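Everything on this sheet refers to the single structure shown next.
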Amino acid sequence: MNKLKVSEIFLSIQGEGTEQGEPTIFIRLFGCNYRCKWCDTKYAMEGNDYREMTLDEIIEEISLYDYCENVQITGGEPLIQDIDGLVERLTLKDKIIWINTNGSIDFKHFIKGFYGKDCRIMMDIKTPSSGMAERTNWNNLKYLRTIDQVLFVIATEEDYIFAKNISKIIEAFSSVKVLFSPAFSISGFKPVLTPAVISSKIIEDKLKVRLSIQIHKIIWDKNKRKV
Ligand code: SF4
């Protein structure tokens, strides 16, 4: 029976992106093919703090929050595991499914979804300060639709210029929403650009992007899990 490595399952407020503030069920899968310098979910990719769960067990656990229609499959990097069965089961439960991916693995397959129902993609493009920017699968950009979103975490001037240049390329051929998310400091990493500086730059450069501050890190302790 297909089992998935699961870091945590919880109900919280969506902290980032276009659905910010909406109650959402998070299924955080374990494991990642990246090692971003400012990763804030290292517990979901290092060590062995995970459960191996069947699809029945996952569906039973999220049934605790059945009233909530939004589900985000996140990580780690969720696409390194075979999530087809999970997506199919969530589709049958009529959930609005978001897949939060670093964009390194081709996700065309999920654009079509199951039973004619779309999955929505949050493509988290890694900027230079992550140390992983060269690993993005740029082919994925052509699949993105208006219902999807692209997010850049920005910590440095170099990150901002990188995000600006790519957002202009995206704007030329796609109506996908683009978000700039100021990085938060974590142990061993301190961002150079503040949200105020990034906001001023967006306005000065006349960018058609949206600032997205991770509200879950403001509402709760930024190191708290399951938020
Ligand atoms: S892709 Fe996400 S989970 Fe993986 S190392 Fe980077 S920030 Fe962490």
Side-chain angles (χ1 to χ4, degrees), residues 4-10 12 14-17 19-20 24-51 71-83 86 97-107 110 119-141 143-144 148-156 158-160 162-163 166 178-193 198 212-218 220-227:
L4 292 171
K5 289 185 178 177
V6 178
S7 169
E8 55 190 6
I9 295 174
F10 57 96
S12 188
Q14 175 59 264
E16 61 188 355
E19 315 305 298
Q20 203 172 53
T24 301
I25 301 165
F26 292 84
I27 303 175
R28 187 184 304 288
L29 299 181
F30 186 86
C32 189
N33 55 347
Y34 279 13
R35 290 293 179 269
C36 299
K37 287 180 187 156
W38 33 247
C39 179
D40 56 0
T41 53
K42 288 202 170 90
Y43 58 87
M45 64 173 190
E46 293 173 349
N48 53 9
D49 185 7
Y50 61 83
R51 292 177 286 165
V71 178
Q72 181 166 310
I73 306 172
T74 186
E77 169 49 51
L79 298 186
I80 64 172
Q81 298 193 59
D82 177 3
I83 63 168
L86 178 60
I97 305 165
W98 282 93
I99 298 176
N100 184 190
T101 174
N102 60 29
S104 60
I105 296 166
D106 191 288
F107 53 64
F110 295 101
C119 289
R120 302 178 185 200
I121 303 289
M122 182 188 280
M123 182 173 170
D124 199 343
I125 299 179
K126 301 305 171 189
T127 47
S129 65
S130 71
M132 297 288 134
E134 284 160 19
R135 296 182 55 182
T136 299
N137 177 351
W138 298 111
N139 202 39
N140 275 324
L141 289 181
Y143 306 134
L144 294 169
D148 301 314
Q149 49 190 306
V150 165
L151 188 141
F152 298 89
V153 173
I154 296 174
T156 64
E158 187 186 15
D159 288 351
Y160 176 78
F162 175 90
I166 294 175
V178 178
L179 300 103
F180 284 13
S181 177
F184 274 73
S185 59
I186 60 165
S187 167
F189 183 88
K190 192 170 186 325
V192 179
L193 300 186
I198 295 169
S212 175
I213 294 182
Q214 293 181 306
I215 56 171
H216 55 292
K217 292 184 178 167
I218 296 169
W220 293 285
D221 183 313
K222 65 181 186 207
N223 298 313
K224 188 171 163 51
R225 285 177 59 169
K226 296 195 172 185
V227 293

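Please read all numbers here as calculations on a predicted model, not as lab measurements. Ligands are counted one by one from 1 in listed order, and the atoms in each one are counted from 1 as well.
The closest side-chain heavy-atom distance from F10 to T24 is not below 4.5 Å.
S104 and N137 share no donor-acceptor pair across their side chains, judged by distance under 3.5 Å alone. Looking at Y143 and D148, their side chains never bring a donor and an acceptor atom within 3.5 Å of each other.
In this structure, K42 places its NZ atom where more than 12 heavy-atom neighbours from other residues, nucleotides or ligands lie under 6.0 Å away.
Not one N or O on the side chain of Q81 forms a donor-acceptor pair closer than 3.5 Å with the backbone of V6.
Listed by chain and residue number, the protein N/O/S atoms under 2.8 Å of atom 6 (Fe) of ligand 1 are C36 SG, with waters left out.
Atoms of ligand 1 found under 4.0 Å from any heavy atom of G76, numbered from 1 in the order shown, are 3 (S).
Here R225 pairs with E8, D49 under the side-chain hydrogen bond (donor to acceptor under 3.5 Å, both in side chains) rule; sequence neighbours left out.
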